[in-house]
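This structure is a prediction, so every number in the text was calculated from the model and none was measured.
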Amino acid sequence: MSCCCEFNGCNQGAKVLAVIFDLDGTLLDTERATRGVLNEFLARYGKELDREKEEKKRLGMTQKDSAAIIVKDYELPLTPDQFIKEITPLYRERWAKAKALPGANRLIKHLQKNGVPMALASNSLQENIEAKIYHHKGWKESFSVILGSDQVKSGKPSPYLFEEAAKKMGVDAVNCLVIEDSLVGVKAANAAKMKVVAVPSRREADCNGLANAVLHSLLEFQPELWGLPPFDDWIDDTLPIDPLHLSGLYVTGCLQEATENATLALPDQAVGLYFGWTKVDTDENLKILVSINIDFSCVGYKKIHVYLIDANSELKHKQMMQIHLVGYIRAWDNKELTSTELEKLDEYKSIARASLDLPSFTCCL
């Protein structure tokens, strides 16, 4: 596993004694779960969503600030407070379906098991935070502090949320590590003089120059680099994960996801080298190695390559495929795993083949 920005000396300076998490986009994939809500709401008022305008706007903002901009941009006959009151029930319905991002459950459980104090500090209102995490077993109990922007003078990028979280945990700011996904969150952590790891989506690449380290996903996080207890859940060279489910059309080694827009089916943080099972037309479960890479030169910017592990199995040139990924091998290193790298490909297939015979991975079938 590796950081995707060059970073040395994570262990230098004040010891990390507590971890503060952002919620939306860091632990929880709320953006994907709620996609379409604003469009649906605007249609009630005869307005149409401006996708170009929305592409990078308001990420990480407080609800009030975001509402004020939407009301102004779309000339809605509402006050920001009225807008919030009307649209919130639509969001609440979708929050129940928001999934944990790759590595989130693992990291929360690990820190809790090792007695590391944790806080949630989000620009959402506290009651909305509670609603979002309600459906995730053990999350509420894992955090000794849960703070929303309505509980401090102002939200991110001001430092108050993080400062208040540290105060409530009884830990000095210099001993806190913040894990964030947005630029405003990283700025807030810097202002609070805390260490910060960014796990940004592709739209938040501006985080890269301001964070101490930048990861593609929480699966890449290495606690020992920050003086925290290391993970102990790797099985040889593989890691059991919360299963990822995909379906789509398999064409010449690649999966074309069965969605309107291939960029929407997986979160940006789902890149890396995985393994698992696929069910094809024959209803037979086949062992597979899957490489998920990012290519910004194409519209569907994720490339999903599927490699059969067993040489005696064959796939049709074109067929529907259901995929269940149950294990993780390594981070994305900006290189595609291709059939020309036969030695490396065979090595990873061998690793995956051995793991898929173990109960830790077969139990997910």
Side-chain angles (χ1 to χ4, degrees), residues 1 19-35 37 59-60 91-114 116 118-124 126 128-148 177-182 185 197-202 204 215-223 228 231 233-234 238-246 257 259 263-272 274 276 290 292 302 323-328 331-332 360-361 363-364:
M1 295 183 294
V19 178
I20 304 174
F21 290 93
D22 173 57
L23 179 61
D24 301 294
T26 300
L27 295 177
L28 206 55
D29 195 8
T30 44
E31 183 190 353
R32 232 157 292 271
T34 59
R35 197 179 293 274
V37 168
L59 287 175
Y91 278 110
R92 279 181 172 271
E93 288 177 14
R94 304 285 187 88
W95 289 336
K97 300 175 183 178
K99 296 180 180 180
L101 285 162
N105 278 312
R106 176 197 185 213
L107 181 53
I108 290 170
K109 289 175 184 176
H110 174 75
L111 295 178
Q112 184 188 41
K113 182 179 76 172
N114 287 281
V116 179
M118 289 181 284
L120 264 184
S122 168
N123 263 353
S124 294
Q126 188 183 31
N128 292 343
I129 298 172
E130 302 270 359
K132 291 171 185 177
I133 67 174
Y134 175 79
H135 299 278
H136 295 268
K137 187 177 178 181
W139 279 27
K140 185 175 181 180
E141 297 76 20
S142 297
F143 297 100
S144 57
V145 176
I146 297 176
L147 283 176
L177 173 67
V178 172
I179 301 183
E180 266 283 356
D181 76 301
S182 70
V197 170
V199 194
S201 68
R202 68 186 179 102
E204 288 287 284
L215 309 178
H216 289 109
S217 84
L218 289 177
L219 291 172
E220 298 177 22
F221 184 73
Q222 295 174 276
L228 297 168
F231 285 115
D233 53 354
W234 283 82
T238 59
L239 174 68
I241 60 168
D242 293 337
L244 289 172
H245 304 288
L246 303 171
E257 294 175 274
T259 60
T263 66
L264 304 184
L266 283 172
D268 289 352
Q269 297 88 341
V271 296
Y274 297 85
V290 175
I292 305 176
K302 293 192 191 72
I323 287 178
H324 307 282
L325 301 179
V326 297
Y328 172 85
W332 181 54
S360 298
F361 299 96
C363 66
C364 299

Exercise. Which pair of heavy atoms, one from L219 and one from R106, lies closest together, and at what distance?
Worked result: O-NH1, 3.7 Å
For this session: Give the C-alpha distance, both sets of side-chain angles, the deciding distance and a yes or no for side chain to side chain contact (heavy atoms under 4.5 Å, CB included) between D24 and D181.
Result: CA-CA 8 Å; D24 301 294; D181 76 301; 5.9 Å; no
For this session: Anything under 30° is parallel, anything over 60° is perpendicular, the rest tilted; go ahead and classify H324 against H245.
Result: perpendicular
For this session: Report the residues that fulfil side-chain hydrogen bond (donor to acceptor under 3.5 Å, both in side chains) with K140, sequence neighbours left out, ordered by chain and then residue number.
Result: E130
For this session: Only counting residues at least two apart or in another chain, list the ones meeting side-chain contact (heavy atoms from CB on, under 4.5 Å) with L101.
Result: D29, P267, Q269
For this session: Rounded to the nearest 0.5 Å, what's the gap from OG1 on T238 to CG on D233? Could you check?
Result: 10.0 Å
Problem set entry | Contacts of T34 that satisfy side-chain contact (heavy atoms from CB on, under 4.5 Å) - sequence neighbours left out | V37, Y91, R94, W95
Exercise. Taking side chain as C-beta onward, heavy atoms only, is H110 less than 4.5 Å from L228?
Worked result: no
Problem set entry | Pairwise distance CZ(F21) to CD1(I179) - rounded to 0.5 angstrom | 4.0 Å
For this session: With the side chain counted from C-beta on, respond yes when D22 and N123 share a heavy-atom pair under 4.5 Å apart, and no when they do not.
Result: no
For this session: Applying salt bridge (charged side-chain N to carboxylate O under 4.0 Å, His left out), name anything that partners D242, two or more places apart in sequence or on another chain.
Result: none
Seminar exercise, completed: Nearest heavy-atom contact between S142 and G138 is OG-O, 2.6 Å
For this session: Determine the minimum heavy-atom distance between D268 and S201, stating which atoms define it.
Result: OD2-CB, 3.2 Å
Problem set entry | For A98, all residues meeting side-chain contact (heavy atoms from CB on, under 4.5 Å), sequence neighbours excluded | L28, T30, A33
For this session: Please report the shortest heavy-atom distance between L107 and F231, naming the atom on each side.
Result: CD1-CZ, 3.8 Å
Problem set entry | For K97, all residues meeting side-chain hydrogen bond (donor to acceptor under 3.5 Å, both in side chains), sequence neighbours excluded | none
Exercise. Do you know which two heavy atoms are closest between G272 and Y328, and how far apart they sit?
Worked result: CA-CE1, 4.5 Å
Problem set entry | Verdict with reasoning, L244 to V290, per side chain to side chain contact (heavy atoms under 4.5 Å, CB included) | CA-CA 11 Å; L244 289 172; V290 175; over 6 Å; no
For this session: Answer yes or no: is there a side-chain heavy-atom contact under 4.5 Å between L325 and I292?
Result: yes
For this session: Look at the side chain of Q126 and the backbone N and O of I146, then say whether any donor-acceptor pair between them is shorter than 3.5 Å.
Result: yes
Exercise. Which distance, rounded to the nearest 0.5 Å, do you find between the CG of N114 and the CG of L111?
Worked result: 7.5 Å
Exercise. So, do V326 and Y274 sit near enough that their side-chain heavy atoms are less than 4.5 Å apart?
Worked result: no
Exercise. How about T26 and V199: do any of their side-chain heavy atoms sit closer than 4.5 Å?
Worked result: no
Exercise. Between S124 and I129, is there a donor-acceptor pair closer than 3.5 Å when you use the side chain of the first and the backbone of the second?
Worked result: no
Exercise. Any donor-acceptor pair under 3.5 Å linking the side chain of S144 with the backbone of M118?
Worked result: yes
For this session: Evaluate the side-chain proximity of F143 to L23: yes if any heavy-atom separation is below 4.5 Å, no if none is.
Result: no
Exercise. Got a second to check how far F221's CZ is from L215's CG, nearest 0.5 Å?
Worked result: 7.5 Å
For this session: Enter the distance from Q112:CD to E141:CD here, rounded to the nearest 0.5 Å.
Result: 8.0 Å
Exercise. Shortest non-hydrogen contact from G327 to F361?
Worked result: CA-CE2, 3.8 Å
